[in-house]
Amino acid sequence: QRVVNREPNQRNFARLGELSSEVGDHEGAATAFLKLAELMQSSGGDPAQWYERAYSEAPAISEVAMAYGRSLLAQNQVGAAIFVLEPRARSEAATLEIRDMYARALVAANRLVEAEPLVWQLFEQDPSRILEIANLIGAFIDGGLDAEAVGLAKKLEQFQRRTGDRRAFLATMQEIVAHHRPSSEVLEFMSELFNASNRESDYSQTLIKLFDLYCDMGDFNKAAEALDRAADVDAYEKGHEKRLELLRGKIDDTRFKAIAARFTSMSAPTPEPARSDGKTLGAAALQDLMLQAEILVQYGMRTKALERLQRIHELFPHEEERNPNLQQLYMTAGLNPRYPDAAPVVSAPVQKVRDEAPAVPTPPPLQSTLPDADSFTRAAEITRKLYSQTNSDAVLATAVSEIGTQWKLTRCVAAMRKPGLTPTSVKEFRADGGTGRDGALQQVLAELHDLAISQGVVTITNVQDMKELRSIRPALIEMGIGSLLVLPFSDGPDQVGLLLLMQDAPRNWTAHEIVVLRTLSEQIVIALNNAGLRRLVKNLSVTDERSGLLKRASYLDLLIAETRRAVQNNSALTVLLSGWASVELWCANLENKR
């Protein structure tokens, strides 16, 4: 022992452990062997045998048992690790570290049901460990334990509801469902969540996934129920007719006809569809469409405004002759409605002004420093596709796919980011078709965005010579990037993101390409704003433009209003719910309920 105190090396600790074992000092031997294992591990050796030797000398010492259990987990000997850690993890004096190791050993051994209480207890003590709960739910799903997955998800939903972070819970569950085995029970749970949150688009898409899954399982009755519920949300969803045909002859004929009746008004032709629709929709639908078109015109979204006005023109022919507001709206948007049996009713004064305008002299040929016609053609085509997208994710995905393909890039990334924060929505195109995301990509995006904010457009023809950002050069080389171009997204004075073009070899980015790509980056920002305005217009719309009926959310508002009125008047409330799998009466005496 005095030799070890003067010279604490591996050889002396080994001699001390052997001698202590011979004289019966098992605790001293275990301590010496444990110290020997730690020294060997720090020097890069294999300490496994000395951890095992220490445990064999004194298994009752908690420190020794923990070290041996950690060593067994590192060797993936989960069965032995469970045997060593279980007695200590189940004791009341168990430390957080022991319970953590024991939980990880149970999960690694696929003893998920036993691991759940421990993992949940650790999460309650430290909510930042939510990723472990998400991984356990995913493991339940992949292991076929769907009921357990839903049970744990419900516990997490209640916890997140209490902390006011329910939106983050929905995002977590969407991520889990997207990356694990399709499960009917989990999808049913997700449909309930989306329905309760009034997220009709997600609710409809989840019901469609349920329909496909039930069809694959051969459970056509449940598939019919899913389609019926999806039609209740949006009877005009693309592909509903094909889904209905899949059910023909596989469910009860009466049930099939009841579901088919939802689509009859959409699919059955009429001799005069425009006039018939006009009578069906009525004045409320006309006012709703006019309101949408007026908002679109005010926000400069002329293309979408013309679509709405064309819809009015089809559904309400000659209405502008009786409605001066609609006539003025046609004139403001520059629409000249035409009919096959008559001359145009509304003339577009804008066209007259254009006809009387003096001729503009032909500009001289573009210099070589400007983009060629082919580049403008490509940019115009990409812009058209961007404007046709309905949400921000679709805009970014379309942008990276089109730009990456047209410019033959190795990678193209678009990300939304505010200065000083981590990127949020990230969409990536890869020429090799890969889908995984590099771990260092977030840092690369943050560093390059900060540089672009200060310098504007950043062009690096050779990453090997890059001196501006030495911190991310190794990450770019590891990703196989030889050159890059960075274009910031600017929304007025605000920096909102960046467009990153990457090539696997050194590349000189020409002035032509930079001009066109800079224009495209501006169009991406405009398309993102347009997508937000579309969502605003959709939310402002009270009725469905095709059916003229109130939207589903409006009925929920009415139900809540009537419930409050019944509580105030101390009276009972009766609600008739129709359109689901069956018609049921729900009668609730609200005297004892809020």
Side-chain angles (χ1 to χ4, degrees), residues 1-111 114-115 117-119 121-129 131-132 135-136 439-440 443 470-475 477-478:
Q1 287 176 351
R2 286 189 293 177
V3 169
V4 165
N5 290 337
R6 295 178 61 87
E7 197 173 348
N9 55 36
Q10 297 181 19
R11 178 174 176 273
N12 288 337
F13 272 114
R15 292 176 61 195
L16 176 60
E18 295 292 351
L19 288 171
S20 298
S21 179
E22 287 182 17
V23 300
D25 183 8
H26 298 293
E27 291 187 5
T31 303
F33 287 133
L34 180 62
K35 186 63 177 178
L36 172 59
E38 292 173 352
L39 288 175
M40 186 166 288
Q41 185 172 5
S42 63
S43 63
D46 184 9
Q49 61 172 329
W50 300 114
Y51 281 126
E52 183 178 1
R53 183 68 185 277
Y55 180 77
S56 65
E57 291 289 342
I61 300 178
S62 296
E63 184 181 0
V64 173
M66 284 175 54
Y68 184 44
R70 192 182 299 109
S71 173
L72 291 171
L73 280 177
Q75 301 172 64
N76 204 28
Q77 299 183 27
V78 291
I82 292 174
F83 176 80
V84 172
L85 297 171
E86 184 172 16
R88 290 155 185 83
R90 293 186 180 277
S91 68
E92 295 182 358
T95 64
L96 185 65
E97 185 178 3
I98 288 181
R99 284 181 290 157
D100 183 28
M101 283 196 296
Y102 182 56
R104 286 192 286 117
L106 289 174
V107 172
N110 208 30
R111 291 165 60 175
E114 297 178 56
L118 276 173
V119 175
Q121 187 180 27
L122 293 170
F123 166 72
E124 284 186 314
Q125 295 177 356
D126 183 8
S128 65
R129 306 178 67 146
L131 184 60
E132 297 178 15
N135 291 336
L136 184 56
Q443 180 189 358
R470 295 189 181 93
S471 59
I472 64 172
R473 181 167 57 184
I477 295 174
E478 182 181 349

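Counting begins at 1 with the first residue of the sequence.
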Enquirer: State, with a plain yes or no, whether a side-chain heavy atom of Asn9 is found less than 4.5 Å away from one of Leu39.
Expert: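 No, their side chains stay 4.5 Å or more apart.
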
Enquirer: Can you sort out the partners of Glu38 under salt bridge (charged side-chain N to carboxylate O under 4.0 Å, His left out), two or more places apart, ordered by chain and number?
Expert: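 With sequence neighbours excluded, Glu38 shows a salt bridge (charged side-chain N to carboxylate O under 4.0 Å, His left out) to no residue whatsoever.
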
Enquirer: Residues two or more places apart in sequence or in another chain: which of them pass side chain to side chain contact (heavy atoms under 4.5 Å, CB included) with Arg129?
Expert: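 Arg129 satisfies side chain to side chain contact (heavy atoms under 4.5 Å, CB included) with Asp100, Leu122, Asp126, Glu132 only.
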
Enquirer: Can you name the side chain to side chain donor-acceptor pair (under 3.5 Å) partners of Gln1, sequence neighbours left out?
Expert: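 So Gln1 forms no side chain to side chain donor-acceptor pair (under 3.5 Å) with any residue.
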
Enquirer: Quick one: side chain to side chain donor-acceptor pair (under 3.5 Å) partners of Arg104, sequence neighbours excluded?
Expert: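 Not a single residue meets the side chain to side chain donor-acceptor pair (under 3.5 Å) criterion with Arg104.
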
Enquirer: With rounding to the nearest 0.5 angstrom, report the CG to OG1 distance, Leu36 to Thr31.
Expert: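 It comes to 12.5 Å.
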
Enquirer: Might you work through the salt bridge (Lys or Arg N to Asp or Glu O under 4.0 Å) test for Glu114 and Arg111, ending with a clear yes or no?
Expert: CA-CA 6 Å; Glu114 297 178 56; Arg111 291 165 60 175; 2.8 Å; yes

Enquirer: Could you list the residues that satisfy salt bridge (charged side-chain N to carboxylate O under 4.0 Å, His left out) with Glu478, not counting sequence neighbours?
Expert: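 Checked Glu478 against salt bridge (charged side-chain N to carboxylate O under 4.0 Å, His left out); zero matches.
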
Enquirer: Val4: what forms a side chain to side chain contact (heavy atoms under 4.5 Å, CB included) with it, not counting sequence neighbours?
Expert: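 Testing Val4 for side chain to side chain contact (heavy atoms under 4.5 Å, CB included), a comparison that skips the adjacent residues, returns Asn12, Phe13, Leu16.
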
Enquirer: Which pair of heavy atoms, one from Ala115 and one from Ala103, lies closest together, and at what distance?
Expert: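 So the two residues come closest at CB-O, 4.1 Å.
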
Enquirer: Considering all heavy atoms of both residues, which atom of Pro47 and which atom of Ala37 are nearest to each other, and what is their separation?
Expert: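 Closest approach of Pro47 to Ala37: CB-O, 3.2 Å.
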
Enquirer: Output the distance between atom CG (Leu106) and atom CE (Met101), rounded to the nearest 0.5 Å.
Expert: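 So the CG of Leu106 and the CE of Met101 are separated by 12.5 Å.
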
Enquirer: Hey, could you give me the CG/CG distance between Leu131 and Leu136, rounded to the nearest 0.5 Å?
Expert: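 Taking CG in Leu131 and CG in Leu136, the distance rounds to 11.5 Å.
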
